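Only one structure is covered here, and it is reproduced in the block below.
First listed ligand is number 1; within each ligand, the first listed atom is number 1. None of the values given here were measured: they were computed from a predicted structure. Residues: numbered from 1 along the sequence shown.
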Amino acid sequence: MANEDNLFKNVIAHAKEYGFIFPSSEIYDGLSAVYDYGQNGAELKNNIKEYWWKFMTLLHDNIVGIDAAIFMHPTTWKASGHVDAFNDPMIDNRDSKKRYRADQLIEGVIEKLEEKIEKEVEKAAKRFENFDRAMFVTTNARVVEYQKKIDEINARLKDAMGNGDMAAMKQLIDDLEITDPISGTRNWTDVRQFNLMFSTEIGSLADDANKIYLRPETAQGIFVNFLNVQKTGRMKIPFGIAQIGKAFRNEIVARQFIFRMREFEQMEMQFFVKPGEEMKWYEYWKAKRMKWHQTLGLGSDNYRYHDHLNLAHYANAACDIQFNFPMGFRELEGIHSRTDFDLKAHEKYSGKKLQYFDTEDNQSYIPYVVETSVGLDRMFLSVLSKSYVEEKLEDGSERVVLRIPAPLAPHKVAILPLTKKDGLPEKAEAIMNDLKYDLRCFYEEKDAIGKRYRRQDAIGTPYCVTVDHQTLEDDTVTIRDRDSMKQERVKIADVKAKLIDACSINNLLRKI
Ligand code: ATP
């Protein structure tokens, strides 16, 4: 059985062994922070997309979806601020030769201080019956001291990041006496800015005029199409545009499997609102998105909000929805109130008006935008890591099961004839032919039935339909439930409705 430390390693190994995720171009030893989705991974990924896409575009009649190109006119990235400001501060340790994001090293110190506060709070909560947390954190000398330190570090970090002051960043790392986790030394280089965009050339000439970028976010494809969609769709504010697509970032530190990739996918929605109403919508989308996540049933405690202290250049409010990944709580989704920054900038750089005419107010304005942006790969990792369970069974044996929410599972049902003879395969095939239009089925007749059940557990198939000799007599089969391992006998005629009900993404959406 795995302990917490190697659980993540086991999840990664399992993902490869069972066709979910492979390192990219593995036969050439892989490519750092790039991954391929295998036959089961692609299905799971598609189901997550469907859950998101339907939530946005079916449940909200004022949200429509688009699919913009990855390549965009290079001025797009000048206007959006990415050419000048999409940088991360990087620092190297000369002894370990490892590269880090300077801001993350500093945030690590803050996290440790926060953990210390939590420990003090936990200790005190156990001691006093009517424990008042708010009172405690403002009066306990040790906690007050920790909080003061956190505030001080945050203020210096915010200043340094805001002013692009890399020397101040380095000074902070020195003052906090941060050591490299690998070498244990403080032999750091200076902090340098590093632009995260990948560039390439378009056309046959390789001079600078032909330089274009692989988009670092999908959002800009929505902004530049704002008026196209609004006019052709006769959209009235407030309305949203949703998109799922690839994004590329040359991440400095990319060591956490699919959590931080150089090529990844985003599911973004830009919601255009009347200026002044953005905070109302920001709160609305914060709550809605949290509900969407929690409805999956991976455990509500595994999600929390994290408000941004250091706001990006385009935002007047921002928060993350964090998930309890194997390496701790980390950002899963960002929700940002982006003001009119992007549309205004595109107006300026393109010279084209990007305004909305509000017939109710009889005036034109540049709408404000509230954005929800979730990484598809991080969603995948959240589902995979929380679904992965190593179980000891009553008979002393062990099994690995992926308790993937049934509507997201790669296969909904495995159809298994008990033996290869006596007409059982023919009966099983007939059942499969009836189910396959509505449910992704997996057919298998090789090996003992117990072994086949275990293989389905390992890829997260929620149901196994077994065809046995009784089936030939009374047209019933057994349905085995992946999680409880219980079997029930049902009429073949009832199988389809029962499984569709349990595995439907639409039913999941109804619970939001
Ligand atoms: P982080 O702080 O983790 O680098 P970010 O704040 O830069 O993320 P956003 O620009 O807000 O991320 O992007 C929106 C979402 O896209 C993130 O919440 C995350 O789920 C996903 N995402 C961003 N960068 C990556 C990446 N390198 N690999 C996988 N997913 C990513």
- Message: Regarding atom 11 (O) of ligand 1: of the candidates Glu331, Met379, Arg330, which has the closest heavy atom?
- Response: Glu331
- Item | Sub-4.0 Å atoms of ligand 1 with respect to non-hydrogen atoms of Ser373 | 13 (O), 14 (C), 15 (C), 18 (O)
- Item | Atoms of ligand 1, numbered as shown, that sit under 4.0 Å from any heavy atom of Glu251 | 24 (N), 26 (C), 27 (N)
- Message: Heavy-atom distances under 4.0 Å decide this one: backbone, side chain, both or neither, for Arg260 against ligand 1?
- Response: both
- Message: Tell me if the aromatic rings of Trp292 and His60 count as close, with their centers under 6.0 Å from one another.
- Response: no
- Message: So if I count the atoms of ligand 1 from 1 in the order they appear, which ones are less than 4.0 Å from some heavy atom of Gln266?
- Response: 13 (O), 14 (C), 15 (C), 16 (O)
- Message: Quick test: of every protein heavy atom, which one is nearest to atom 21 (C) of ligand 1, and how far off is it to 0.1 Å?
- Response: Gly375 CA, 3.6 Å
- Here the atoms of ligand 1 under 4.0 Å from any heavy atom belonging to Phe259 are 28 (N), 29 (C), 30 (N)
- Query: If you measure from each heavy atom of Glu265 to ligand 1, is any distance below 4.0 Å?
  - Reply: no
- Check: Met261 N/O within less than 3.5 Å of ligand 1 N/O: yes
- Does the pair Lys236/Asp358 count as a salt bridge with the N-to-O cut at 4.0 Å? no
- Query: Against heavy atoms of Glu333, which atoms of ligand 1 measure under 4.0 Å?
  - Reply: 18 (O)
- Query: Between Arg99 and Asp92, does at least one N-O distance fall below 4.0 Å, as a salt bridge requires?
  - Reply: yes
- Would a line drawn from the ring center of Tyr356 to the ring center of Phe272 be shorter than 6.0 Å? no
- Message: If the cut-off is 4.0 Å to any non-hydrogen atom of Gly334, which atoms of ligand 1 fall inside it?
- Response: 18 (O)
- Judged by heavy atoms only, the candidate from Glu217, Arg249, Glu371 nearest atom 9 (P) of ligand 1 is Arg249
- Item | Of Arg249, Arg215, Lys246, the residue whose pairing with Glu263 passes salt bridge (charged side-chain N to carboxylate O under 4.0 Å, His left out) | Lys246
- Query: Do the ring centers of Phe257 and Phe259 come within less than 6.0 Å of each other?
  - Reply: no
- Item | ligand 1 to Leu332 polar contact by distance, N or O atoms, under 3.5 Å | yes
- What residue pairs, at least two apart or across chains, pass salt bridge (Lys or Arg N to Asp or Glu O under 4.0 Å) with a residue in residues 293-313? Lys286-Asp307
- Item | Qualifying residues under side chain to side chain donor-acceptor pair (under 3.5 Å), relative to Lys45, sequence neighbours excluded | Glu265
- To which of Phe86, Phe264, Phe323, Phe248 does the heavy atom nearest atom 25 (C) of ligand 1 belong? Phe264
- Task: Compute the ring centroids of Phe271 and Tyr284, then answer whether they are less than 6.0 Å apart.
- Result: no
